[in-house]
Peer 1: 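Next up is a structure, given as structure tokens.
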Amino acid sequence: GAVVSQHPSWVICKSGTSVKIECRSLDFQATTMFWYRQFPKQSLMLMATSNEGSKATYEQGVEKDKFLINHASLTLSTLTVTSAHPEDSSFYICSGITGAYGYTFGSGTRLTVV
Amino acid sequence: TQLLEQSPQFLSIQEGENLTVYCNSSSVFSSLQWYRQEPGEGPVLLVTVVTGGEVKKLKRLTFQFGDARKDSSLHITAAQPGDTGLYLCARNNDMRFGAGTRLTVKP
């Protein structure tokens with residue numbers, strides 16, 4: 001079946017540095033990729049929707065200059081957390097559309113900013 | 001702000017008990033999905049419901065979609081510790097999730 005490979009699975013970075021998270025679609029072309037953030041014991045909050053070859057659509061309250069999304073190819077979407085701060089520590093997950101009702105999620109990236 | 005309301009938020013039961021969790025919205029769903037998520041992992045799709053009044057079964061799990069397509073429920077029969085997890089509903093048209101129900105099944 002369709003798989004989204006997400007890397008890294010966890011990362012620890014220093015405050016002020018940037019971190020890039022990659023999501024690759026295997027065996028399917030992800031025209032659209034959803035990016036979510038999940039804080040402990042909470043649900044998934046949609047951050048942005050990225051479409052291949054165009055600018056991402058960000059949800060209200062999500063800083064587009066801080067969370068840079070690039071979807072340059074049909075198989076790769078990246079989220080870069082710029083100038084990370086401890087409050088950005090969270091679980092980030094991507095999801096690609098595989099069909100009319102098909103959504104495949106990555107395994108998530110646990111980001112810890114120290 | 002969650003556009004989908006899920007209840008209860010937390011549920012702790014003994015093995016063998018039955019339970020029902022709910023997902024509600026003030027607007028009509030075109031279709032809705034239920035997921036289960038374990039800590040540190042991505043959500044796993046359980047079912048997609050599309051038609052009002054639809055009932056789908058997945059082993060001990062029964063999913064219902066309201067006639068008006070504004071609500072859905074998940075019923076688990078004879079819960080087992082392996083059912084423990086975060087149960088999430090999501091609107092298909094924009095893939096927004098409800099707040100989730102955190103289920104714990106004690107042996």
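Residue numbers start from 1 in every chain, and the chains themselves are labelled A, B, ... in the order their sequence lines are given, proteins ahead of strands.
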Peer 1: Name the region of Gln38(A), side chain, backbone, both or neither, that has any atom closer than 4.5 Å to a heavy atom of chain B.
Peer 2: side chain
Peer 1: For Phe34(A), is it the side chain, the backbone, both, or neither that has a heavy atom closer than 4.5 Å to a heavy atom of chain B?
Peer 2: side chain
Peer 1: Shorter than 4.5 Å, heavy atoms on both sides: which option in Gly40(B), Pro43(B), Gly100(B), Gly42(B) has the most such pairs with chain A?
Peer 2: Pro43(B)
Peer 1: Identify which part of Gln6(A) has an atom lying under 4.5 Å from any heavy atom of chain B, answering side chain, backbone, both or neither.
Peer 2: neither
Peer 1: Counting heavy-atom pairs under 4.5 Å to chain A, which of Val50(B), Val44(B), Leu45(B) comes out on top?
Peer 2: Val50(B)
Peer 1: Find out whether Pro81(B) and Glu15(B) are in side-chain contact, i.e. whether some heavy atom of one side chain is under 4.5 Å from a heavy atom of the other.
Peer 2: yes
Peer 1: Please identify, among Gln42(A), Lys41(A), Arg110(A), the residue contributing the most non-hydrogen atom pairs under 4.5 Å to chain B.
Peer 2: Lys41(A)
Peer 1: Could you tell me whether the side chain of Lys20(A) and the main chain of Thr78(A) form a donor-acceptor pair under 3.5 Å?
Peer 2: no
Peer 1: So, Tyr35(B) versus Tyr103(A), ring centres under 6.0 angstrom or not?
Peer 2: no
Peer 1: With Ser95(A), which residues qualify under side-chain hydrogen bond (donor to acceptor under 3.5 Å, both in side chains), at least two apart?
Peer 2: none
Peer 1: With the threshold set at 4.0 Å, does a side-chain nitrogen-carboxylate oxygen contact exist between Asp88(A) and Lys66(A)?
Peer 2: yes
Peer 1: Can you classify the ring geometry of Tyr36(A) versus Phe97(B) as parallel (below 30°), tilted (30 to 60°) or perpendicular (above 60°)?
Peer 2: perpendicular
Peer 1: Report which part of Gln37(B) has an atom under 4.5 Å of a heavy atom belonging to chain A: side chain, backbone, both, or neither.
Peer 2: side chain
